[in-house]
Amino acid sequence: MTRETLAGTLEEIALLLELKGENPFKIRAYRQGAEAVLNYDGDIVAKATADDLKDIKGIGEALREKLHELASTGVLKFHQDLRSQFPEGLFELFDVQGLGPKKVKALHESLGIGSIADLKQACEAGKVAELAGFGAKTQVKILEALALRESFADRFLLGMVTPVVETILETLRQHPDVSRSAVAGSYRRAKETVHDLDFLVATKEPAQVCKDFTLLPEVKSIIACGETKASVRLNDGIQCDLRAVSNEQFPFALQYFSGSKEHNVALRSLALKQGLSLNEYGFTGDTSELPPIHEEKDIYAALGLDYIAPEMRENRGEIEAAAENQLPKLIELENLRGTFHSHTTASDGHHTLEEMAEEAIDLGLQYLGISDHSKSSPQANGLNEQRLMAQIKEIAELNKGYEKFRLLAGSEVDILKDGSLDFDDELLMQLDFCVASVHGVFNLSEDEMTRRICRAMENEHVTMLGHVTGRVLLKREPYQVDHARIIDCAAETRTIIELNCSPKRMDMDWRWWKRARDKGVLCSINPDAHSIARLHHIGLGVRMAKKGWLRRQDVFNTRPLEDVLKFLATPKSKR
DNA sequence: GCCGTTTTCGGCCCGACTGTTTTCAGTCG
């Protein structure tokens, strides 16, 4: 039983209850329960098994009992009974744009549709258009949505959409009728993957700006275009929304559309307690005492809160912290002094030691850690002992030519199946630092994988742990690890954990960093760069670190070179 | 189904857009 299973079951119940047309607030309670399970800071599975789920906000009497039954027996009768009333494939219908519970229910009850394949067939036969509440246009839209679903993924990597976001923002900025513009939504919150892009403008000509937005060269098709809102699909498949508001409304709209939904719900209920109602256009209710609102921070201030950075707006305690002046002072990109974990042509990188060093210097860094693969990764042209020794010498030679910069000699050494390392200690001692990572044998049990990784961290020469779960976002599932145990082990062994900020990894996940921080575990923001361009991903890494509530002092590579060298020369037990 | 410095009962965020309607339901964010 895992935390994800518990939360997933509650989510599924919510969906099933929607299909049954249950009370929407009950449905929401299940969703919020799922969220509470995911966010709970502790061993929720053990607590559910022991029926010890007291005082968790969002989990009341009924959910407590259900979670206990599920955790202790592996199944939940309530859930199974609900499930048996609908066909398996019905769930995938919810992924089709434009289909919600009511329509899915109607399709199922009237036409017996229980899968995507059924739906496609019924549309092509013209049966869907004949249903009450449906029509010819709806049928066409469903067919389009199905085609879209086949050709594109519905989520995109944060790092991959950055260029198109910058381009569109720039165009909006230059529009003669636009006074302010911004990107909002999950992009602004730095979620590792985004479903769509949300843009916002302040203008006196909303309808015109909306229309012009749909004419951008990046636009493939128009989903909707109204007086104040437009929705389009871009050439690369991502959906892109624009909201046009007045200058006075802009901060409210920016706050609102930045989300998250959970953060906003919490913020609004806080407002309600103060006799205020908050929407995307402003405050209503007793506004006589309110100061003027010019920007987002004025909204938070009006509610008695410190300004909350967008990355933190996930309703994971930030509102409470803001009310008590307890928000952390988050790390900024300019705090970084260097970075670790980069590859060169020696293994599977695209640039030489010198080229990587030049780029790091251009980025204003004082040091760059080189960590090519080790010999057990032949697919990545991993270095054997001789080649690594040669690289150490080469780095020493190059360092003679730099005045205020230093290449650090390291290795991304494979953690073998039993937790031993690909190089012996004598060789590891020759290095400035060592990143230990799992690159093969992914199919171990959670316990075995966790022990394997912990054993590696116990090695005196392992400076940091590389990509904790090995996930490749949107592509490969993480290998199973017990994050809590790994964090505890890192704290005990004084091993740094890497925040691998390659856009496809973002590993360790942001949801775990606050816990690691509180246990005194240091983070290193590492690009895992295989080319000079990818060194720039440290910027994304900083945003992800903010999402994990990390401060400057929590991140190892904010330290200047001198301090880093001193740290690396100190035995782990004394760090 | 959850929750409580208005409440142990009665609320629970709310507006834009579309399509099918003829005044509104459904979906989305």
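As the structure is a prediction and not an experimental result, all values here were calculated from the model. Lettering of chains follows the sequences in order, A, B, ..., and the numbering in each one begins at 1.
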- Query: Please walk me through it: do A:R551 and A:I331 pass side-chain contact (heavy atoms from CB on, under 4.5 Å)?
  - Reply: CA-CA 5 Å; A:R551 305 153 298 184; A:I331 180 177; 5.9 Å; no
- Please check the phosphate of B:dC14 (OP1 and OP2 only) for any side-chain N or O of A:S277 closer than 4.0 Å. yes
- Query: How far does the P atom of B:dT22 sit from the matching atom of B:dG26, given to the nearest Å?
  - Reply: 14 Å
- Query: Does the base of B:dG29 carry an N or O that pairs as donor and acceptor with the side chain of A:D241 under 3.5 Å?
  - Reply: no
- Distance, C1' atom - from B:dC2 to B:dT8, rounded to whole angstrom: 12 Å
- Note on the structure: Of the listed B:dG1, B:dG29, B:dG26, the closest approach to the A:Y30 side chain comes from B:dG1
- Carboxylate-amine/guanidinium proximity below 4.0 Å for A:E18 and A:R31: yes
- Query: Are any of the side-chain nitrogens in A:R313 or A:E296 under 4.0 Å away from the carboxylate oxygens of its partner?
  - Reply: yes
- Nearest nucleotide by nearest heavy atom, which residue falls closer to the 5' end of DNA chain B, A:R268 or A:A224? A:R268
- Taking CG from A:L272 and P from B:dC3, how many angstroms apart are they, rounded to a whole number? 17 Å
- Item | d(CG, A:N279; C1', B:dC13) in whole Å | 9 Å
- Please state whether the phosphate of B:dT27, meaning OP1 or OP2, lies under 4.0 angstrom from any side-chain nitrogen or oxygen of A:K103. no
- Message: Distance check, C1' atoms only: B:dT27 and B:dT20, in whole angstrom units.
- Response: 14 Å
- Task: Starting at atom CD of A:Q249, determine the distance to atom P of B:dA16, rounded to an integer number of angstrom.
- Result: 9 Å
- Query: How close or far is atom P of B:dC2 from atom CG of A:N23, stated in whole angstroms?
  - Reply: 12 Å
- Item | Distance, C1' atom - from B:dT23 to B:dG19, rounded to whole angstrom | 13 Å
- Message: Mind checking if A:Q32 touches a base, just sugar-phosphate, or nothing, with heavy atoms under 4.0 Å?
- Response: nothing
- Query: Under 30°, 30 to 60°, or over 60°: which ring-plane class applies to A:W512 and A:H483, parallel, tilted or perpendicular?
  - Reply: parallel
- Query: Charged N to carboxylate O under 4.0 angstrom, A:E332 versus A:K546?
  - Reply: yes
- When you check the phosphate oxygens OP1 and OP2 of B:dG29, does a side-chain N or O of A:R243 lie under 4.0 Å from one of them? no
- When the C1' atoms of B:dG11 and B:dT7 are considered, how many whole Å apart are they? 9 Å
- Message: If you compare every side-chain N and O of A:S269 against the phosphate oxygens of B:dC12 (OP1, OP2), does one of them come in below 4.0 Å?
- Response: no
- Flag if over 12 foreign heavy atoms under 6.0 Å of CD, A:E227: no
- Query: What does A:P24 touch in the nucleic acid at a heavy-atom separation under 4.0 angstrom: a base, only the sugar-phosphate, or nothing?
  - Reply: nothing
- Consider the side chain of A:L63, meaning its heavy atoms from C-beta on, and name the nucleotide among B:dG1, B:dC17, B:dA16 that approaches it most closely. B:dG1
- Give one of base, sugar-phosphate or nothing for A:G259, where a contact means two heavy atoms less than 4.0 Å apart. nothing
- Task: Sticking with atom C1', work out how far B:dC3 lies from B:dC17, rounded to a whole angstrom.
- Result: 33 Å
- Please work out if A:A253 contacts a base, only the sugar-phosphate, or nothing of the nucleic acid, heavy-atom cut-off 4.0 Å. nothing
- Task: For the side chain of A:K102, starting at C-beta, report the closest nucleotide among B:dC12, B:dT27, B:dG29.
- Result: B:dT27
- Task: Measure from CZ on A:F94 to P on B:dT27 and round the result to the nearest Å.
- Result: 9 Å
- From CG of A:L254 across to P of B:dG29 the rounded distance in Å is 18 Å
- Query: With no angle test and no hydrogens, is the base of B:dG29 tied to the side chain of A:Y256 by a donor-acceptor pair under 3.5 Å?
  - Reply: yes
- Query: Does the side chain of A:Y281 get closer than 4.0 angstrom to OP1 or OP2 of B:dA16 through an N or O atom?
  - Reply: yes
- Should we say atom CD of A:E124 is surrounded by more than 12 heavy atoms from elsewhere, each under 6.0 Å from it? yes
- Query: What is the nucleic acid contact for A:K105, judged by heavy atoms within less than 4.0 Å: base, sugar-phosphate only, or nothing?
  - Reply: nothing
- Does the gap between the ring centers of A:F283 and A:F252 come in under 6.0 Å? yes
- Taking NZ from A:K211 and C1' from B:dC17, how many angstroms apart are they, rounded to a whole number? 18 Å
- Does A:K229 put a side-chain nitrogen or oxygen below 4.0 Å from OP1 or OP2 of B:dG15? no
- Message: What's the gap between B:dT6 and B:dG10 when it is taken at their C1' atoms, as a whole Å value?
- Response: 12 Å
- A:E22 CD to B:dC2 C1', straight-line distance once rounded to whole Å: 14 Å
- Message: Using atom C1' in both nucleotides, what's the gap between B:dA25 and B:dT21 to the nearest angstrom?
- Response: 9 Å
- Query: For DNA chain B, whose closest nucleotide is more 5', that of A:T138 or that of A:A62?
  - Reply: A:A62
- Minimum-distance nucleotide to A:T228 side chain [options: B:dA16, B:dC3, B:dC12]: B:dA16
- For A:L99, which contact category applies under a 4.0 Å heavy-atom criterion: base, sugar-phosphate, or nothing? sugar-phosphate
- What is the base-pairing partner of B:dC24, counting Watson-Crick and G-U wobble geometry with both distances under 3.5 Å? B:dG19
- Consider the side chain of A:K137, meaning its heavy atoms from C-beta on, and name the nucleotide among B:dG1, B:dC3, B:dG19 that approaches it most closely. B:dG19
